[in-house]
There are 2 protein chains.
Amino acid sequence: MTSAPNYDIFQAIADPTRRKILRLLSNHEEMNLTRICKHFPISRPAVSKHLRILIDVGLVKEKKVGRETRYWFEPEPLLELKQWLSFYEQFWENKITMLKRYVEDEEINEMNISISKHNDKDKEWLS
Amino acid sequence: MTSAPNYDIFQAIADPTRRKILRLLSNHEEMNLTRICKHFPISRPAVSKHLRILIDVGLVKEKKVGRETRYWFEPEPLLELKQWLSFYEQFWENKITMLKRYVEDEEINEMNISISKHNDKDKEWLS
DNA sequence: ACAAAGAGAAACCTTTCTGTTTCATATTAA
DNA sequence: TTAATATGAAACAGAAAGGTTTCTCTTTGT
């Protein structure tokens, strides 16, 4: 229900503790806070906050069951990461493609130089 | 030459500016700082620091050419990310597998409970 | 009815990020 | 040799991250 922070997937998986939580949850249908905490040397509220962030980006879902809260892993948001990564697959998969880009770049470089003199606002920003 | 910080891939790509730099470099054989800066609304030293972090994790390489420094993209470290992601592919690729894990989890849960009573130190920590 | 268990919220503290401005240094063009 | 260009380094500042302790609230077991 807290909405302010607004993390993204990249930030969410940047922390090793959160990655560990994901791995843990992905191997257990669902777990409550106390059980998750058994796997970490940090305090319960600390783990709770990490979970909150993971929930924020949709990687974890929660539901109340009596006095406890059950958490489970939701893989779907990782597709965004996969998609981001897929762009770079061309670079390992075939060096030919990479080489091709490099050759084309010669022309692109020239274009940028001439364009930027008159239009220095190709500062797309973001992504 | 600065070695202290020691970032990892996950942190390196967590920042949107750094992701943008990667995209930029991957489309240009090599670029110097000034040219890279044209694409961002932040100061040169700020961009320089981002580059330093990317270099730290091996995603960017640099070389001095006269008075300027040329930077280029190095895709190899992204394989670690790909590998990390590959673990989770089972969850989207076939829901049957996911369902299978969930069913097996019933037993796993029981095991954990009985084991944790006597051996509460399955706190692997990390990864 | 009450103590114990399971969690979330709040307040607070440190360290790390991200960015800035200013200064210094090495090349290069006139 | 001098001014301009390209960058790195240092010192600083504000905000965000990650953690802690304490308090409160709800649910459950006796």
Side-chain angles (χ1 to χ4, degrees), chain A residues 1-22 25 30-57 60-72 113 116-117 120 123 125-126, chain B residues 1-21 30-57 60-72 113 116-117 120 123 125-126:
Chain A
M1 289 283 171
T2 25
S3 53
N6 205 254
Y7 288 81
D8 63 34
I9 298 284
F10 296 93
Q11 285 172 270
I13 66 164
D15 184 275
T17 300
R18 287 196 290 270
R19 289 200 298 280
K20 177 95 189 298
I21 291 175
L22 286 183
L25 290 180
E30 37 181 65
M31 294 174 88
N32 63 23
L33 224 206
T34 305
R35 190 135 97 87
I36 295 171
C37 286
K38 293 237 172 72
H39 295 262
F40 300 91
I42 59 180
S43 70
R44 181 164 39 73
V47 173
S48 184
K49 282 184 192 175
H50 282 305
L51 281 166
R52 202 53 48 205
I53 290 168
L54 292 171
I55 288 167
D56 204 46
V57 301
V60 168
K61 300 289 184 182
E62 67 180 333
K63 73 174 171 207
K64 293 231 83 178
V65 176
R67 65 181 157 184
E68 61 187 70
T69 308
R70 302 276 179 74
Y71 299 92
W72 70 93
I113 289 164
S116 63
K117 271 181 181 167
D120 212 343
K123 312 179 178 181
W125 193 234
L126 263 179
Chain B
M1 290 281 170
T2 25
S3 53
N6 204 256
Y7 288 81
D8 64 33
I9 298 284
F10 296 93
Q11 286 172 268
I13 66 163
D15 185 275
T17 299
R18 287 197 289 270
R19 289 200 297 278
K20 177 95 189 296
I21 290 176
E30 36 180 68
M31 294 175 86
N32 64 22
L33 225 204
T34 306
R35 191 135 95 85
I36 295 170
C37 286
K38 293 238 172 69
H39 295 262
F40 300 91
I42 58 179
S43 71
R44 182 166 39 70
V47 173
S48 184
K49 283 183 192 174
H50 281 305
L51 281 166
R52 201 53 48 204
I53 291 168
L54 292 171
I55 287 166
D56 204 45
V57 300
V60 168
K61 299 288 184 183
E62 67 180 335
K63 74 174 173 208
K64 291 231 82 178
V65 176
R67 67 181 156 184
E68 62 185 67
T69 307
R70 302 278 179 73
Y71 300 92
W72 70 94
I113 288 163
S116 64
K117 270 184 182 165
D120 213 343
K123 310 178 177 182
W125 193 235
L126 261 181

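In what follows, chains carry the letters A, B, and so on, assigned in the order in which the sequence lines appear, proteins first and then strands, with residues in each chain numbered from 1.
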**Q** For B:Leu33 and B:Tyr71, work out which heavy atoms get closest and say how close.
**A**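 So the two residues come closest at N-CE1, 3.9 Å.
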**Q** Between A:Arg19 (side chain) and A:Ile13 (backbone), is there a donor-acceptor pair under 3.5 Å?
**A** yes
**Q** May I ask you to evaluate whether B:Tyr71 reaches the phosphate of D:dT7, defined as a side-chain N or O under 4.0 Å from OP1 or OP2?
**A** no
**Q** Work out which heavy atom in B:Ala12 is nearest to a heavy atom in B:Val57; give both atom names and the distance.
**A**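 So the two residues come closest at CB-CG2, 3.7 Å.
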**Q** For the pair made of CG in B:Asp15 and P in C:dT16, what is the distance, rounded to whole Å?
**A** 18 Å
**Q** Of the non-hydrogen atoms in A:Tyr7 and A:Asp56, which two are nearest, and what is the gap between them?
**A** N-OD2, 3.2 Å
**Q** Which whole-number value in Å describes the distance from A:Ile53 CD1 to C:dG8 P?
**A**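 For the pair A:Ile53 CD1 and C:dG8 P, the rounded distance is 14 Å.
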**Q** Check the distance between C:dT18's C1' and B:Arg52's CZ and give it to me in whole angstrom.
**A** 16 Å
**Q** When you check the phosphate oxygens OP1 and OP2 of C:dT18, does a side-chain N or O of B:Thr17 lie under 4.0 Å from one of them?
**A**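 For C:dT18, OP1/OP2 do not have a side-chain N/O of B:Thr17 under 4.0 Å.
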**Q** With sugar-phosphate meaning primed atoms plus P, OP1 and OP2, does A:Arg70 contact a base, only sugar-phosphate, or nothing at under 4.0 Å between heavy atoms?
**A** nothing
**Q** Round to a whole Å and report the spacing from CZ of B:Arg18 to P of C:dC17.
**A**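 B:Arg18 atom CZ is separated from C:dC17 atom P by 8 Å.
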**Q** In B/S/- notation, 5' to 3', how is nucleotides 20-30 of chain C contacted by protein heavy atoms closer than 4.0 Å?
**A** BB-----BS--
**Q** Considering non-hydrogen atoms only, spot the tightest contact between A:Lys64 and A:Arg67 and give its length.
**A** NZ-O, 4.4 Å
**Q** Does A:His50 place a side-chain N or O at less than 4.0 Å from the phosphate oxygens OP1/OP2 of D:dG19?
**A** yes
**Q** OP1 or OP2 of C:dC17 sitting under 4.0 Å from any side-chain N/O of B:Tyr7?
**A**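 Yes, such a contact exists.
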**Q** Quickly work out the B:Leu51 CG to D:dA9 P distance and round it to whole Å.
**A**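 Rounded to the whole Å, the gap is 13 Å.
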**Q** Starting at CZ of B:Phe10 and ending at C1' of D:dA17, how long is that distance when rounded to a whole Å?
**A**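 Checked: the CZ to C1' distance equals 18 Å.
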**Q** Can you see if the side chain of A:Thr34 gets near the phosphate of C:dA7 - specifically, an N or O under 4.0 Å from OP1 or OP2?
**A** yes
**Q** Side chain of B:Gln11 only, heavy atoms from C-beta on: which candidate in C:dC17, D:dG18, D:dA17 is closest?
**A** C:dC17
**Q** Are B:Ser48 and D:dT7 close enough that a side-chain N or O sits under 4.0 Å from OP1 or OP2?
**A** no
**Q** Over how many whole Å does the gap from A:Phe40 atom CZ to D:dT20 atom C1' extend?
**A**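 For the pair A:Phe40 CZ and D:dT20 C1', the rounded distance is 17 Å.
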**Q** Write down the distance between CG (B:Asn6) and P (C:dC17), rounded to a whole number of angstrom.
**A**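 Value for this atom pair: 11 Å.
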**Q** Nearest 0.5 Å please: distance from the CD atom of B:Glu62 over to the CG atom of B:Leu51.
**A** 8.5 Å
**Q** Can you list everything that forms a side-chain contact (heavy atoms from CB on, under 4.5 Å) with A:Lys63? Sequence neighbours excluded, please.
**A** A:Glu30, A:Val65, A:Arg70, A:Trp72
